[in-house]
Amino acid sequence: MATPAPPRWDRKMQQRLARGEEAALAELYDRYASLVHSLAHRVMDDDEAADLITREVFGYVWENPDAYDPKFGSLRSWIAALTQRHAVHQLREYEHHGQSSPAEVEERVREANTAARADFIVTSMPAPLRAALELAYRERLDYRAAAAGLGVSEDEARRRLRLGLQLLSTAMEPGDPPAHSLDARQPRGLR
């Protein structure tokens, strides 16, 4: 996952791109290419299409650096939104040409939108909450080990995990079904 850049970096990067510095584009690509490709792949479910979208997004950024306005958010968020819009547009074009059914397209768009909201929530949440979630889910640590890793009490680790998960739960749209039905997890005697 790309790390958030400070706002000052965003402004300087935009200025460098506006001056036509190729090194700025290379630096931007190094920082955000994996984010752009993963978002595009999440929508398209196709490596070649994700590669194409990645090239097109960075081409757009190179040709239109003034389209980014730092007053409306980070450069990372703008690039992610650009990627999302472009990938959804491309997916709908595939539907128009008969390569996907309308139901498949809308399901993939909904899943991609939920994933994009979750990504935004994680990158926007306070660092202590994000650190707790990363230890618990990426490192597969329980709250006790996460507390030790963070240097906080077990109660504080539980609080951070609970708050982080509550924030993440808002990524789901109200009509979205849960990923796994609770009914499937009930013991046999209770079904």
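As a basis for the values below, the full set of heavy atoms in this structure was taken, side chains included, without hydrogen atoms, waters or symmetry mates. Here the structure is a predicted model, which is why all the values come from computation and not from measurement.
Using modelled atom types, no side-chain atom of Tyr143 and backbone atom of Ala132 make a donor-acceptor pair closer than 3.5 Å. The backbone N or O of Ala145 sits less than 3.5 Å from a side-chain atom of Asp142, completing a donor-acceptor pair. Panel note: side chain Thr114, backbone Arg110; a donor-acceptor pair is recorded below 3.5 Å. Checked by atom type and distance alone, the side chain of Gln14 pairs as donor or acceptor with a backbone atom of Tyr68 at under 3.5 Å.
A side-chain donor from one of Trp9 and Glu27 sits under 3.5 Å from a side-chain acceptor of the other. Under 3.5 Å, the side chains of His41 and Asp46 contain no donor-acceptor pair of N or O atoms.
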(message) Between Leu28 and Leu75, does the side-chain contact (heavy atoms from CB on, under 4.5 Å) criterion hold? Intermediate values first, please.
(response) CA-CA 10 Å; Leu28 191 72; Leu75 187 58; 3.5 Å; yes
(message) Test side-chain contact (heavy atoms from CB on, under 4.5 Å) on Thr83 and Val43; report intermediate values, then the result.
(response) CA-CA 10 Å; Thr83 304; Val43 174; over 6 Å; no
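Val152 is not connected to Leu129 by any chain of hydrophobic side-chain contacts under 4.5 Å among Ile, Leu, Val, Met, Phe, Trp and Tyr, and they are in different clusters. Tyr29 and Leu52 fall into different hydrophobic clusters, where Ile, Leu, Val, Met, Phe, Trp and Tyr residues are linked whenever their side-chain heavy atoms come under 4.5 Å apart, directly or through other members. Each of Leu168 and Leu141 belongs to its own hydrophobic cluster when Ile, Leu, Val, Met, Phe, Trp and Tyr are linked at side-chain heavy-atom distances under 4.5 angstrom.
Taking both residues in full, the closest heavy atoms of Tyr32 and Phe58 are given as C-CZ, 3.9 Å, listed atom of the first, atom of the second, then distance. When all heavy atoms of Thr54 and His37 are compared, the pair lying nearest together is OG1-CA, 3.4 Å. Across all their heavy atoms, Leu150 and Ala131 have their closest contact at CD2-CB, 3.8 Å. Nearest approach of Leu135 to Ala146, heavy atoms of both residues: CD1-O, 3.8 Å. Contact detail for Gly164 and Met125: the closest heavy-atom pair is O-CE, 3.9 Å. When all heavy atoms of Leu17 and Pro65 are compared, the closest pair comes out as CB-CB, 3.7 Å.
More than 12 heavy atoms of other residues, nucleotides or ligands lie within 6.0 Å of CD in Gln166, so this atom counts as buried by the packing criterion. Counting non-hydrogen atoms of other residues, nucleotides and ligands closer than 6.0 Å to CZ of Arg19 gives a total above 12.
The residues Arg92 and Glu106 are annotated as salt-bridged, a charged nitrogen and a carboxylate oxygen being separated by less than 4.0 angstrom. Contact check on Arg160 versus Glu156 returns a salt bridge, with a Lys/Arg side-chain nitrogen under 4.0 Å from an Asp/Glu carboxylate oxygen.
Identified under the side-chain hydrogen bond (donor to acceptor under 3.5 Å, both in side chains) test for residues 145-155, with sequence neighbours left out: Asp155-Arg158.
The side-chain heavy atoms of Leu133 and Leu165, taken from C-beta on, include a pair separated by under 4.5 Å. Looking at heavy atoms from C-beta onward, Trp62 lies in side-chain contact with Glu22 at the 4.5 angstrom threshold. Using a 4.5 Å heavy-atom cutoff, the side chains of Tyr60 and Ile79 are not in contact. Residues Ser74 and Asp10 have side chains in contact (heavy-atom distance under 4.5 Å, counting atoms from C-beta outward). At a threshold of 4.5 Å between non-hydrogen side-chain atoms, the residues Arg55 and Asp51 count as touching. Residues Glu21 and Leu25 fail the side-chain proximity criterion, which asks for heavy atoms closer than 4.5 Å. At a threshold of 4.5 Å between non-hydrogen side-chain atoms, the residues His86 and Glu56 count as touching.
Residue Lys12 holds its NZ atom at 8.0 Å from CD of Gln15, rounded to the nearest 0.5 Å. Interatomic distance, Leu39 CG to Gln84 CD, rounded to the nearest 0.5 Å: 6.5 Å.
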